[in-house]
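Quick note: numbers below take in every heavy atom, side chains included, and nothing from hydrogens, waters or symmetry partners. In what follows, chains are A, B, ... by sequence order, proteins preceding strands, each numbered from 1.
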Amino acid sequence: MRGYVGDVAALARKDLLLEVRSRDTLPAMLIFVAAALVIFHFALPSGTGELAGLGLLWVAIVFTALLGLSRAFVAEREQGVLDGLVLAPSDRSAIWLGKSLAALTFLVLAEAIALPLFAIFFSSVDGATIAAVALADIGICAVGVFVSAMATATRARELLLPVLFLPLAIPVIVGGVGASVADSAGRYLGFLALYDALFATICWASFEYVVTE
Amino acid sequence: MSTWLRNNALVASAALAAVLLTLAIALVAFYAPLDQDGLNQKIFYFHVPIALTAYACFGWGAWKGLLHLWKRTPGADLESYVAIHLGVIFGAMTLVTGSIWAKYRWGHWWLWSEKQLVLFLVLFLFYSAYFMLRFSVEPGPRQANLSAVYSLFGVVLIPISFLAIRLANAYIHPIAFTSHGPQMAGSQFFTFCVCLAAMLSLFAALYHLELAGKRLDAHLRELRELLG
């Protein structure tokens with residue numbers, strides 16, 4: 001058990017260290033989400049109301065995550081690291097978990113900028129929305145990293161990621177927007193937690209088959 | 001008997017499908033009573049069985065995918081692919097028949113408050129991506145693994161999406177349509193069951209037909225390689 005946690009921590013640390021040195025994913029995500037919020041300002045005619053803005057916030061979150069996820073396995077592929085990781089004497093699901101934790105860190109950092117910006121540009125963000133963002137992030141990163149690994153194994157590569165990911169992200173959007181706009185956020189938060197638990201379990205259990213033959 | 005059935009599954013299921021489909025069409029046309037919706041309610045006897053058959057296809061595809069990953073059953077990958085392929089066809093037919101029904105019943109081709117239709121749209125998108133994934137990988141163990149894992153995601157996504165669409169209706173459509181009116185009468189229920197059996201046997205027949213074709217293709221390729 002301790003070995004497993006150690007493996008996951010080492011893998012996550014590797015990705016974070018790589019990002020600290022190369023700085024290519026996080027700045028892109030930050031600029032992307034800020035530009036998206038500015039676009040939303042011009043996409044919403046006056047009188048459209050706060051609710052439409054809250055809905056678009058969720059669109060921004062999913063697409064920003066997608067931008068980061070499309071880079072998730074690029075280093076592994078270009079340098080042939082994945083073969084080495086698969087051969088390493090650790091459980092293969094640790095690769096998925098470590099990568100998910102790193103992706104989660106990037107997404108949370110991007111949102112730490114995006115949510116205050118949204119509050120300044122559009123409307124204030126309440127506690128339910130922040131809780132929903134936190135829960136949605138887990139699901140987005142768990143499923144997104146998994147699907148990104150799948151897409152990396154194909155010829156179409158990054159092109160395939162949005163096609164595979166967006167249908168799976170529809171329930172996250174429902175839970176997130178519901179928690180932001182509905183009067184009682186509880187059941188939407190519960191739904192997001194259910195999504196996280198179910199998909200994290202199936203990703204954890206089946207990741208081995210994605211990276212091996 | 002059971003060996004005969006296994007060897008002649010295509011013939012048996014095709015014969016059963018032909019008999020049941022004829023019976024179903026006859027029952028829908030002459031036996032099932034009209035309810036207060038009039039004639040257009042009859043599309044219900046095709047729309048709902050097709051939708052349930054599509055679920056059966058996706059479920060069967062996921063089961064074969066699981067068998068591939070778990071027991072490495074030879075051929076399970078091909079069977080999973082064929083079942084999902086048919087599921088997408090039945091799913092597209094569900095969308096078309098549902099859309100026609102919505103047009104005649106409510107005057108719109110598309111209703112976001114119709115939960116089943118929206119669910120099928122999500123599933124249609126999801127399973128269309130299955131083909132992109134499958135045909136973007138070289139045939140071999142990797143293609144089989146990725147397809148099998150994706151088909152398992154499908155059976156988790158179906159209930160989750162169903163729940164999501166119910167939840168979304170609460171903030172998008174506060175007033176839900178009551179879509180089915182009164183309970184089905186006995187004769188209507190009987191007709192519905194025959195229609196469902198007909199669609200399921202049609203799925204079985206098409207499944208065996210496509211499998212036979214694909215296996216023949218593979219066999220032919222092997223022979224050609226031996227000759228070449």
Which atom names give the shortest non-hydrogen contact between [X] and [Y], and what distance separates them?
X      : Y      : answer
B:F153 : A:S206 : CE1-OG, 4.3 Å
A:T212 : B:N145 : O-ND2, 3.3 Å
B:S136 : A:L160 : OG-CD2, 4.2 Å
A:V163 : B:M132 : CG1-SD, 3.9 Å

Given that the side chain runs from C-beta out, which part of [X] has a heavy atom under 4.5 Å from chain B: side chain, backbone, both or neither?
X      : answer
A:V181 : side chain
A:L168 : both
A:F199 : side chain
A:L164 : both

- Apply side-chain contact (heavy atoms from CB on, under 4.5 Å) to the pair B:V137 and A:R155, showing each step before the final yes or no. CA-CA 6 Å; B:V137 187; A:R155 253 177 288 132; over 6 Å; no

- Only one of B:L167, B:L163, B:L157 passes side-chain contact (heavy atoms from CB on, under 4.5 Å) with A:P171; say which it is. B:L157

Flag if over 12 foreign heavy atoms under 6.0 Å of [atom1], [X]:
X      : atom1 : result
B:Y104 : OH    : no
B:F124 : CZ    : no
A:R13  : CZ    : no
B:W70  : CH2   : no
B:R224 : CZ    : no
A:F63  : CZ    : no
A:R77  : CZ    : yes
B:D217 : CG    : yes

- Measure distances from B:L152 to the heavy atoms of chain A and classify the residue's part below 4.5 Å as side chain, backbone, both or neither. both

- Task: Would you mind checking which part of B:F135 comes under 4.5 Å of any heavy atom in chain A, side chain (CB onward), backbone (N, CA, C, O), both or neither?
- Result: backbone

- Query: Which one of B:L146, B:L123, B:L125 has the most heavy-atom pairs closer than 4.5 Å to chain A?
  - Reply: B:L146

- Tell me, out of B:A164, B:A129, B:P141, B:G140, who's got the most heavy-atom pairs with chain A below 4.5 Å. B:A164

- Note on the structure: Counting heavy-atom pairs under 4.5 Å with chain B, the top scorer among A:V143, A:I170, A:V177 is A:V177

- Query: Do the non-hydrogen side-chain atoms of A:F146 and B:V149 ever get within less than 4.5 Å of each other?
  - Reply: yes

- Roughly how far apart are B:R134 CZ and A:T154 OG1, rounded to 0.5 Å? 14.0 Å

- Okay, side chain of B:R142, backbone of A:Y209: is any donor-acceptor separation there less than 3.5 Å? no

